[in-house]
**Student:** 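I am attaching a structure below and will ask some questions about it afterwards.
Side chains included, hydrogens not; waters and symmetry mates left out as well; all remaining heavy atoms used. Order of the sequence lines fixes the chain letters, A, B, ..., with proteins taken first and strands second; residue numbering starts at 1 for each chain.
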Number of protein chains: 2
Amino acid sequence: MLYGGARMSTQRRLIAEVVTALPGAFTAEELHRAVAERAPGVGLATIYRALCAMQAAGTLSHVGERGGSALLALCGRHDHHHHLVCTSCASVVGVECPLSDAAFAPAVKQGHLITSHQIALYGLCASCRTSEGA
Amino acid sequence: MLYGGARMSTQRRLIAEVVTALPGAFTAEELHRAVAERAPGVGLATIYRALCAMQAAGTLSHVGERGGSALLALCGRHDHHHHLVCTSCASVVGVECPLSDAAFAPAVKQGHLITSHQIALYGLCASCRTSEGA
DNA sequence: GTGTCATGTGAGAAGCGTTCTCATCTCTAC
DNA sequence: GTAGAGATGAGAACGCTTCTCACATGACAC
């Protein structure tokens, strides 16, 4: 259930299917185009509402930015982690948080307190790296 | 020279003064208001152009986000580092990059290659932490 | 199956931050 | 002083996102 307890409509079912079928990270505009291919007439507002519902349900995450738009991706993980966005194929890989307490030691030593952080990682996923190396 | 080799106008001189006088991170809108207090009539476009010039000159950095706007701050450092934005006083502290090669080891082990990263740190600076503790 | 009601929908306007355009001004080099 | 490159202000335009409103529809009780 991508939307949590929210009501399921035909549009939302379709949007969920398209989101699941997409290879990785996508913007709202890209999703709108992909949905429009299967059902022209679905409004952009509906896309944003569905994305909002999925984010609220915790099945969708904001993983970065592309061309000024929010980059989103399916992610069911609820533990603290970050996302590596492949700049080649747009796939998204969940990675453990690379920050340990030790990493903040210099800042803490200066008296600062770090309460939250946002990390966006960009690079190549394993398969793109393999095919590039070939 | 906040603008690098670019031409200096009275507006840019004023903007540079205001930027220097501001306590820490600010948005374009906040800077526009601050500049307007001393010289009403300076256009928002001029603010954005000046900010762009300062970023190009490497004297200004994008350090995070606030309310959907880009959060900027003066920063002359040219080495690789990140910024801790104090959520209490908006001051900005440059901190060493907390990511080492070891931090990426799990991702690298899975075959991924991380080429770039963006980190935004939020918390309390030393002085705010001291005054809060008092 | 029917009725009710909360919730989702599409279209488009609006809001927001940012960038662009263009005529004009002004700083800088000579 | 002059020429020309570059900066300016005003406001239109842009792109992304959210809101509004009348209407449609799914869920649920009966």
**Student:** Using side-chain heavy atoms (C-beta onward) and a distance below 4.5 Å, is A:Gln11 in contact with A:Leu14?
**Tutor:** no
**Student:** Any chance you could pull the hydrophobic cluster mates of A:Val92, using side-chain heavy atoms under 4.5 angstrom and chaining through other members?
**Tutor:** A:Val63, A:Leu71, A:Val85, A:Tyr122
**Student:** Nearest whole angstrom, please: distance from the P of D:dA7 to the OH of B:Tyr48.
**Tutor:** 19 Å
**Student:** Once ring-ring contact (aromatic ring centres under 6.0 Å, His included) is applied, do any residues pair with B:His80, and if so which ones, sequence neighbours excluded?
**Tutor:** B:His82, B:His117
**Student:** Which is the 5'-most and which the 3'-most nucleotide of DNA chain C that has an atom under 4.0 Å from a heavy atom of chain B?
**Tutor:** C:dG17 to C:dT28
**Student:** Determine which pairs satisfy ring-ring contact (aromatic ring centres under 6.0 Å, His included) with at least one residue from residues 5-59 of chain A, sequence neighbours left out, and list them in order.
**Tutor:** none
**Student:** Between the side chain of A:Thr27 and the main-chain N/O of A:Ala70, is any donor-acceptor distance below 3.5 Å?
**Tutor:** no
**Student:** Once you round it to whole Å, what is the distance between P of D:dA7 and CG of B:Leu51?
**Tutor:** 14 Å
**Student:** So which protein nitrogen or oxygen atoms get under 3.5 Å of nucleotides 27-30 of chain D's nitrogens or oxygens?
**Tutor:**
none

**Student:** How does the hydrophobic cluster around A:Val108 look, that is, which other residues are in it when side-chain heavy atoms under 4.5 Å mark a link?
**Tutor:** A:Leu84, A:Val93, A:Val95, A:Leu99, A:Phe104, A:Ile114, A:Ile119, A:Leu121, B:Leu84, B:Val93, B:Val95, B:Leu99, B:Phe104, B:Val108, B:Ile114, B:Ile119, B:Leu121
**Student:** Applying salt bridge (Lys or Arg N to Asp or Glu O under 4.0 Å), which residue pairs with at least one partner in residues 32-53 of chain B are found, sequence neighbours left out?
**Tutor:** B:Glu17-B:Arg38, B:Glu29-B:Arg33
**Student:** How far does the helix from C:dG1-D:dC30 to C:dC30-D:dG1 bend, going by the axes of its first and last five pairs, to the nearest 10°?
**Tutor:** 40°
**Student:** Report the distance from atom OH of B:Tyr3 to atom C1' of D:dG6, rounded to the nearest whole Å.
**Tutor:** 14 Å
**Student:** Rounded to whole Å, please give me the gap between CZ in A:Arg66 and P in D:dC16.
**Tutor:** 12 Å
**Student:** Using a heavy-atom cut-off of under 4.0 Å over every strand shown, decide if A:Ala50 touches base, sugar-phosphate, or nothing.
**Tutor:** nothing
**Student:** Tell me every residue that passes ring-ring contact (aromatic ring centres under 6.0 Å, His included) with A:His62, counting only those two or more places apart in sequence or in another chain.
**Tutor:** none
**Student:** Tell me, please, which residues at least two apart from A:Asp79 pass side chain to side chain donor-acceptor pair (under 3.5 Å).
**Tutor:** A:Arg77
**Student:** Using modelled atom types only, decide if a donor and an acceptor are shared between the side chain of A:Thr46 and the backbone of A:Val42 within a distance under 3.5 Å.
**Tutor:** no
**Student:** Might you point out which heavy atoms bring A:Arg12 and A:Ala6 nearest each other, and give the distance in Å?
**Tutor:** NH1-CB, 3.8 Å
**Student:** How does protein reach along nucleotides 9-14 of chain D, written 5' to 3' as B (base within reach of a heavy atom under 4.0 Å), S (only sugar-phosphate), or - (no contact)?
**Tutor:** BBB---
**Student:** Report yes if the side chains of B:Cys86 and B:Cys128 come closer than 4.5 Å at any heavy-atom pair, otherwise no.
**Tutor:** yes
**Student:** Report the hydrophobic cluster partners of B:Leu113, with the cluster defined as I, L, V, M, F, W, Y residues connected by side-chain heavy atoms closer than 4.5 angstrom, directly or transitively.
**Tutor:** A:Leu124
**Student:** CG of B:Leu2 versus C1' of D:dA7: gap in Å, rounded?
**Tutor:** 17 Å
